[in-house]
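Please read the structure below before turning to the comments.
Just so you know, these numbers use all the heavy atoms, side chains as well, and skip hydrogens, waters and symmetry mates.
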Amino acid sequence: MQIRDLVRRRTPLGWKQLVHSKGRMAIATAGVAFAVLLIFMQLGFMNMLFESAVMIHRQLNADIVLVSSTSRDFASPGTFPRSRLLQAVGVPGVADAEALYVTPRDWIKQSETNRGERAQMLMIGVRPDFAAFRDPEIAAQLPLLVETGTALFDRKTRGNFIPFRQAIERGERPQTELGGRTVTLVGTMQIGSSFGSEGVLIVSDQTFFEFALNRVPSAPSVGLVNVAPDHDAAGVAAAIRARFGTYDDTMVMTMEDFIEHSKGRMRRDSAISFVFTFGTIIGMIVGVVIVLEILSADVHDHLAEYATFKAMGFSNRALLGVVFEQSLILSVAGFVPGLLVSLGLYAVVRSALTMPIAMTVERLVLVFGLAVTMCALSGALAMRRVRKADPADVF
Amino acid sequence: MELSRLSHWYGAGETRRQVLFELDLVIPRGEVVFLMGPSGCGKTTILTLVGGLRSVQQGSVRVAGRELAGANEARLIANRRQCGFIFQAHNLHRSLTARENVRMGLEAQGRGLPPDADERSERMLAVVGLADHANKFQHQLSGGQRQRVAIARALVAEPPLILADEPTAALDRQTGHDVVALLRRVARERGMTVLMVTHDNRVLDFADRLLEMEDGRIVAARPGAAAAAPVNP
């Protein structure tokens, strides 16, 4: 009963006017939807870049990570002394610790469209008898890498590698050039491309040193530490840090911290945030302009009616409420189709670019907030004309 | 309703032009007064001042005991809610049905829609003979019907004062006659005061008093034909 009273308290004039001019409503809705789509894509791409930088992190089988103090992210981790890893093993609560060697290397692509072109791959070297990756598919194939000069190929490498991949999976052991040497592909796995490199090759530590002559076993890139079942990662990480004492060449982070660290570095050091924030602002401006155009035209068309209402005793505020009501309606009406199209495009990007792009609740709420802000801003600008409606003009 | 020594100017500086000259006028409650005269003589200006649509510049306007000279926006709005306006054009809202348009007269009172708004609006539409047209939009109504909806909208909140500006100008002879007859009947039944500007000689029969204006002054006043007729037949 009370809700019914609230609903009935005023005539939904803004709604009635919009419904009455359906063409105008459609254009405004499309405008808002377009702006919402732009913003979703900008924010989606931005987050995708951040997320793609930590996709490998999520694959690593470790609770705690050791990296150089100068480390930027996984793709350019620098190196730290292997002795730190040995120190860490001695800390109570540490179950095991192993080294990972990482470097970008050029190879000659064997994709269908760009066969023979050079491209950068991320080469990861690991001891074949150590379970460095969570994915059981990778774990099962690591023993194949005992033979030097062999590698596991990332199925999600950008480009059309289907025939190449099928050749590997049939056991044909195709070869190509990696860092000036011949590499033999003996299996496939799935990690995914990031903006820095087109894909990942996993090799044994021995193979790694053959392909990367400047690298030595005593200077690993990433240390993977697992804690014993009844220990908490943050506590053990603190204990390892305490063990290192004054040695400040190595950072000790829990896996979650490492993920945040890599994302944070990217956010601060690259132009990505700036570029996509700029794109988001452009999207908002597009929305504001379209909605302002529509609302202004609607106010203009109804100026005589508004003046009449003022003469009848309506306050300015009541009439401003009409424009505000319209802007809220448009923001909701435009948000829904904008969201649906965005979800569709996200799916296309996911399958075409093999990049991790996903809708999050936070982004949903944020963009809805932006859409409402956008429409309210247009409404506020269009309202200025309502004030101009002079009740004395109606006679 | 009382005007005393009311003067009004339009424009500013060199182009400032006086349109009302020290006007005095008293209209007792319940009287139906027609204001006549050539265009530009200040008739409509009086309506806008009495209705609180313009600020009083000099002199005094008292409506139902309330002084409008020097009134702020809030008091002007309060005054507008005491007045029912009928315009030359019907000024109905094209996105609203007849019932919704009439309802706006209740909503204009500033307290939202009363729970019985629809019933009251329909009753008022019945009074003006449009009971069957409540759900029609303005493009589905004839000129006379639109003006009757506008009258229902002006009267629905039962304001003590009706201000009308040439309500018959856009109507044919018979329709105009019917509309003014209706206006007079309803106003009489409810004890409303009516101040109506008109050029229309065909409707003069319905006035208690006729005022002739010229160049911002009231030059003649005579009793209308209706003054002789019994108030409650």
Please assess A:T11 against B:E107 for the test side chain to side chain donor-acceptor pair (under 3.5 Å), listing each intermediate value before the final yes or no.
CA-CA 8 Å; A:T11 304; B:E107 202 174 319; 2.7 Å; yes
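If you measure heavy-atom distances from A:L13 to chain B, the contacts under 4.5 Å come from the side chain alone. Heavy atoms of B:L76 lying under 4.5 Å from chain A are absent altogether. The parts of B:R94 that come within reach of chain A are both its backbone and its side chain, each placing non-hydrogen atoms under 4.5 angstrom from that chain.
More than 12 non-hydrogen atoms from other residues, nucleotides or ligands lie less than 6.0 angstrom from CZ of B:R190. Within 6.0 Å of CZ on B:R29 lie no more than 12 heavy atoms contributed by other residues, nucleotides or ligands. For B:Y10, the OH atom counts as densely surrounded, since its 6.0 Å shell holds more than 12 non-hydrogen atoms of other residues, nucleotides or ligands. Residue B:R66 places its CZ atom among more than 12 non-hydrogen atoms of other residues, nucleotides or ligands, all under 6.0 Å distant. Heavy-atom neighbours of B:R202 CZ from other residues, nucleotides or ligands within 6.0 Å: above the threshold of 12. The number of heavy atoms from other shown groups lying within 6.0 Å of OH (A:Y346) is above 12. For B:R75, the CZ atom counts as densely surrounded, since its 6.0 Å shell holds more than 12 non-hydrogen atoms of other residues, nucleotides or ligands. The local environment of CZ in A:F276 is crowded, with over 12 non-hydrogen atoms from other residues, nucleotides or ligands closer than 6.0 Å.
Ranked by non-hydrogen atom pairs under 4.5 Å with chain A, the options B:E73, B:E166, B:M104 are led by B:M104. In terms of heavy-atom pairs under 4.5 angstrom with chain A, the leader among B:R111, B:Q82, B:R153 is B:R153. Interface remark: of the candidates A:D301, A:N316, A:D390, A:D301 forms the most heavy-atom pairs closer than 4.5 Å to chain B.
Put simply, the side chain of B:R81 gets close to the backbone of A:G313: a donor and an acceptor are under 3.5 Å apart. In this structure a side-chain-to-backbone donor-acceptor pair under 3.5 Å is missing from B:R80 to A:F314.
A distance of 14.5 Å separates CG of B:N91 from OH of A:Y306, quoted to the nearest 0.5 Å. In this structure, CG in B:L106 is found 9.0 Å from CE in A:M312, a value given to the nearest 0.5 Å.
Between B:H93 and A:K16, the closest side-chain pair of non-hydrogen atoms is not below 4.5 Å.
Considering all non-hydrogen atoms of both residues, A:A311 and B:F85 come closest at O-CE1, 2.8 Å.
Judged by distance alone, the side chains of A:Q17 and B:S95 never bring a donor and an acceptor atom under 3.5 Å apart.
Note: B:H139 and A:H20 have tilted aromatic rings, judged against thresholds of 30 and 60 degrees for the angle between ring planes.
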